[in-house]
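Taking it in order: structure first as structure tokens, then the write-up.
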There are 2 protein chains.
Amino acid sequence: MAKAYERIADELRAEIRAGQLNPGDQLPAESALVERFGKSHVTIREALRVLQTEGLIDKQHGRGSFVRRPRTRVQRTNSRHQWEKGRAREPEEQRLQTGATERDTGLEVNDLVFHASYREIKASKELADAMGVPEGTVLLERTYRTRYSAERAPFSLVTSYLVRERIESNPDLLDETKEPWPGGTWNQLHTVGIEIDRVEERVTARPPTAEEAEELDLPPGTSVLILRKTSYDTEGRVADVSDVTLPGDRTELLFTTHLERW
Amino acid sequence: MAKAYERIADELRAEIRAGQLNPGDQLPAESALVERFGKSHVTIREALRVLQTEGLIDKQHGRGSFVRRPRTRVQRTNSRHQWEKGRAREPEEQRLQTGATERDTGLEVNDLVFHASYREIKASKELADAMGVPEGTVLLERTYRTRYSAERAPFSLVTSYLVRERIESNPDLLDETKEPWPGGTWNQLHTVGIEIDRVEERVTARPPTAEEAEELDLPPGTSVLILRKTSYDTEGRVADVSDVTLPGDRTELLFTTHLERW
DNA sequence: GAGTGGTCTAGACCACTGT
DNA sequence: CAGTGGTCTAGACCACTCC
């Protein structure tokens with residue numbers, strides 16, 4: 001005999017897939033399900049939890065459980081890199097116009113709330129390896145949050161690392177009050193003579209940690225995309241390492257690869 | 001007053017992060033935790049579930065709960081596309097040597113168990129849009145599973161779609177018993193005069209469905225990467241659409257983007 | 001205040017793992 | 001068989017939402 005909570009989850013899942021319950025629809029109250037299936041409250045909740053973990057339903061305390069509606073996605077492409085590189089050498093008036101987030105989301109500069117903070121750290125083993133420097137090298141760690149002014153959760157959590165020694169010839173680059181910097185990191189690097197040649201992006205996925213769920217306002221039953229972006233300069237050295245956490249339910253990464261012709 | 005299960009989860013999480021409990025270590029039995037925290041079995045289990053959902057612990061029925069050990073990753077790069085394109089024109093002896101999965105995993109051909117099945121379908125609206133053909137166009141749907149012979153779960157779930165009309169001039173391409181085809185899809189397309197010019201890959205993440213968790217042998221507290229790969233031929237038409245489901249806890253996608261020099 | 005989901009108890013019994 | 005986690009009950013009470 002199958003477990004009761006699985007049978008119940010299967011039955012409700014089938015109703016959702018068959019379209020008896022549509023996105024946005026409210027499920028019967030837990031007490032109603034207790035009666036309908038003749039099982040205890042805890043068992044019913046276990047069944048609903050299965051569906052929640054699958055991202056099929058959304059439980060709201062005091063309101064009810066609802067069939068989840070797919071969210072619109074933010075697209076982040078790798079063609080943005082060429083665009084950002086070009087922008088890094090533009091005159092300041094042009095650089096002020098728009099940033100990468102505006103490009104991804106289609107929103108205006110004024111719709112966005114930006115926050116940055118800097119601090120200096122010594123490279124851990126893991127970071128030192130990623131950046132190709134000795135352990136303990138002084139790094140500038142910069143954390144960024146950008147959000148839509150109408151929402152409370154940022155689009156992503158970004159932490160970027162630069163080697164302090166390679167940028168300190170321009171003291172403005174060590175000063176967080178200069179943010180947001182028109183033209184972004186690659187313009188900043190341009191001011192100290194660094195040109196980016198290629199970008200490597202490593203992508204994995206996992207459930208959010210408690211802190212990430214809190215900060216990105218993620219409900220249970222969602223995942224995060226973890227992206228580590230490594231930028232190499234024209235001499236093959238690592239210029240920047242950025243760790244980005246993106247909500248999986250509203251982000252799509254698009255990578256285009258061009259091939260040599262036969 | 002904080003919820004009991006959260007306090008308990010916080011305390012255990014802190015012990016794991018502090019290194020009092022190391023990867024692979026067994027947690028105290030649930031009955032022991034009932035005594036230690038003076039809470040009921042159900043409450044203790046709720047706390048452990050929080051940690052499991054975060055991917056921090058791994059519960060094993062009849063054995064115990066353990067601090068999860070990070071798994072070794074399979075890396076899938078976008079440089080594989082250029083490699084695959086080159087391989088598509090090589091002589092058969094060379095094409096027989098190794099495939100893309102061997103390249104990603106570092107395993108030998110003999111370590112891998114391969115399975116393919118074909119069927120013909122009519123394009124749904126969603127698929128027709130993705131392939132740039134009218135709804136209802138006849139497509140060849142091909143599903144692939146490749147696994148390491150020592151493991152029971154495949155590395156990924158792959159479904160590929162081709163427009164039947166554009167490949168039927170070579171009847172071998174409609175015959176699943178010809179799989180595994182040396183040189184893969186791009187060699188198959190080469191036999192009907194199609195050259196691939198660029199590849200677009202769209203990546204998102206979400207919790208696995210029940211079926212995916214079953215087939216990929218994924219424990220609760222993991223995510224899947226969803227990758228849709230669209231291959232364009234030299235005339236800009238869609239040659240192939242492939243949907244790939246990858247286990248998030250053992251897959252890393254690596255995309256390299258080269259930029260134009262200043 | 002009525003109706004919803006969330007937390008919790010104290011206990012029973014089941015299912016799996018390893019000796 | 002002993003020890004582990006998994007399922008389940010019948011009930012109490014709490015916390016949130018909305019009218």
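Summarising the geometry, the separation between CD on A:Glu6 and P on D:dT7 is reported as 7 Å, rounded to the nearest angstrom. Atom pair A:Leu33:CG and D:dC8:C1' shows a separation of 17 Å (rounding to whole Å applied). With rounding to whole Å, A:Glu46 atom CD is found 8 Å from D:dC8 atom P. The interatomic distance linking A:His61 (NE2) with C:dG5 (C1') rounds to 5 Å, in whole Å. Rounded to whole Å, the distance from CZ on A:Arg63 to P on C:dG6 is 13 Å. Regarding B:Glu30, its CD atom lies at a distance of 16 Å from the C1' atom of C:dT9, rounded to whole Å. One can place CD of A:Glu35 at 15 Å from C1' of C:dT4, the figure rounded to the nearest angstrom. Distance, A:Lys3 NZ to D:dG5 C1': 12 Å, rounded to whole Å.
When each of A:Gly38 and B:Arg45 is assigned the nucleotide of DNA chain D with its nearest heavy atom, B:Arg45 is the one assigned upstream, toward the 5' end. Comparing B:Val42 and B:Leu27 by the nucleotide of DNA chain D whose heavy atom lies nearest to each, the residue mapping closer to the 5' end is B:Leu27.
For A:Arg36 and A:Glu15, the salt-bridge test passes: some basic side-chain N is under 4.0 Å from an acidic carboxylate O. Between A:Glu46 and B:Arg45 there is no salt bridge, since no side-chain nitrogen of the basic residue lies less than 4.0 Å from a carboxylate oxygen of the acidic one. The residues A:Glu252 and B:Arg228 are annotated as not salt-bridged, no charged nitrogen and carboxylate oxygen being separated by less than 4.0 angstrom.
Taking side-chain N and O atoms only, A:Tyr5 has a distance below 4.0 Å to OP1 or OP2 of D:dT7. Regarding contacts with the backbone of D:dG6, a side-chain N or O of B:Lys59 is found under 4.0 angstrom from either OP1 or OP2. Neither OP1 nor OP2 of C:dT7 sits under 4.0 Å from any side-chain N or O of B:Thr43. At the phosphate of C:dC8, neither OP1 nor OP2 sits under 4.0 Å from any side-chain N or O atom of B:Lys39.
Distance check, rounded to the nearest 0.5 Å: CD1 of B:Ile8 to CD1 of B:Ile44 gives 4.0 Å.
When heavy atoms are screened at a 4.0 angstrom cut-off, A:Gln60 is found touching the sugar-phosphate backbone but no base atom.
Side-chain contact of A:Thr185 with A:Arg142: a donor-acceptor pair under 3.5 Å is present, judged by distance alone.
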